[in-house]
Amino acid sequence: AQSVSQHNHHVILSEAASLELGCNYSYGGTVNLFWYVQYPGQHLQLLLKYFSGDPLVKGIKGFEAEFIKSKFSFNLRKPSVQWSDTAEYFCAVNAAGSYIPTFGRGTSLIVHP
Amino acid sequence: DAGVTQSPTHLIKTRGQQVTLRCSPKSGHDTVSWYQQALGQGPQFIFQYYEEEERQRGNFPDRFSGHQFPNYSSELNVNALLLGDSALYLCASTVGIEQFFGPGTRLTVL
């Protein structure tokens, strides 16, 4: 069974700082990869996804993620964070052919204005 | 177009009781998945319903059961509640492999 590790549980940044959140998974086959965000008081929503093709994926609100197959990683990046990016971020992976994603435990991001 | 809706938003039960949570998927979505999200953790898959049948199940005991109706809405039932069942229960409706989550039901077991 696959597993997902998010090594940063809590991240605190000032506005305009750059962000990189780590995500590693354990599964040897083809995968589909997702980043979800949960803003305070709101439901989980999709930030970006990777199915195939260009390993650099761009999502909403200026986020991007890079799939590095050799490192089993799918790190999330944003060049300049805003206060409104304060939220919980979840990485998720599902094996190709499976309908069910496995989620990491999440990273809590706090951005100070 | 309404998104995924869940009811109730909050619920308090005592140990040993039974609870039913409800979910209506996005319009046109025929597949519903349920997740349990404990505090400080990511969502954990409970089961998925498609065409009124349980298609896949995660590592949860038989106390957790579900149902899907002809209009694609779904229920999650939990029997003999334990303190450890306290969590946010999320419903997601699916098109392909992309999931759309509802706001969740916060269950507290005392």
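Note: hydrogens, waters and symmetry copies are ignored here, and every other heavy atom, side chains too, is used. In what follows, every chain begins at residue 1, and chains take the letters A, B, ... in the order their sequences are listed.
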Roughly how far, to the nearest 0.5 Å, is [atom2] of [Y] from [atom1] of [X]?
X	Y	atom1	atom2	value
Arg55(B)	Ile100(A)	CZ	CD1	7.5 Å
Glu98(B)	Phe51(A)	CD	CZ	5.5 Å
Phe100(B)	His43(A)	CZ	NE2	10.0 Å
Gln99(B)	Leu44(A)	CD	CG	9.5 Å

_Contacting region of Gln56(B) [heavy-atom separation from chain A under 4.5 Å]_ =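 Side chain only.
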*Pick one of side chain, backbone, both or neither for Tyr35(B), based on which atoms fall under 4.5 Å of a heavy atom in chain A.*
side chain
*For the residue pair Phe90(A) and Gly42(B), what are the closest heavy atoms and their distance?*
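Distance-wise, the nearest heavy atoms are CE2-CA, 3.5 Å.
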Going hydrophobic residue to hydrophobic residue with side-chain gaps under 4.5 angstrom, can you get from [X] over to [Y]?
X	Y	answer
Phe74(A)	Tyr27(A)	yes
Val37(A)	Val93(A)	yes
Phe60(B)	Trp34(B)	yes

[X] atom [atom1]: more than 12 heavy-atom contacts under 6.0 Å:
X	atom1	result
Asn71(B)	CG	yes
Tyr25(A)	OH	yes
Leu83(B)	CG	yes
His10(A)	NE2	no
Arg57(B)	CZ	yes

_Options Ser33(B), Gly104(B), Gly40(B), Ala92(B), ranked by heavy-atom pairs under 4.5 Å with chain A, top entry_ = Gly40(B)
*Do Phe45(B) and Phe103(A) have ring centres separated by under 6.0 Å?*
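No, the ring centres sit 6.0 Å or more apart.
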_Leading residue by heavy atom contact count with chain B [cutoff under 4.5 Å; candidates Pro101(A), Gly106(A), Ser108(A)]_ =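 Answer, by heavy-atom pair count under 4.5 Å with chain B: Pro101(A).
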_So for Glu88(A), is it side chain, backbone, both, or neither that comes closer than 4.5 Å to the heavy atoms of chain B?_
neither
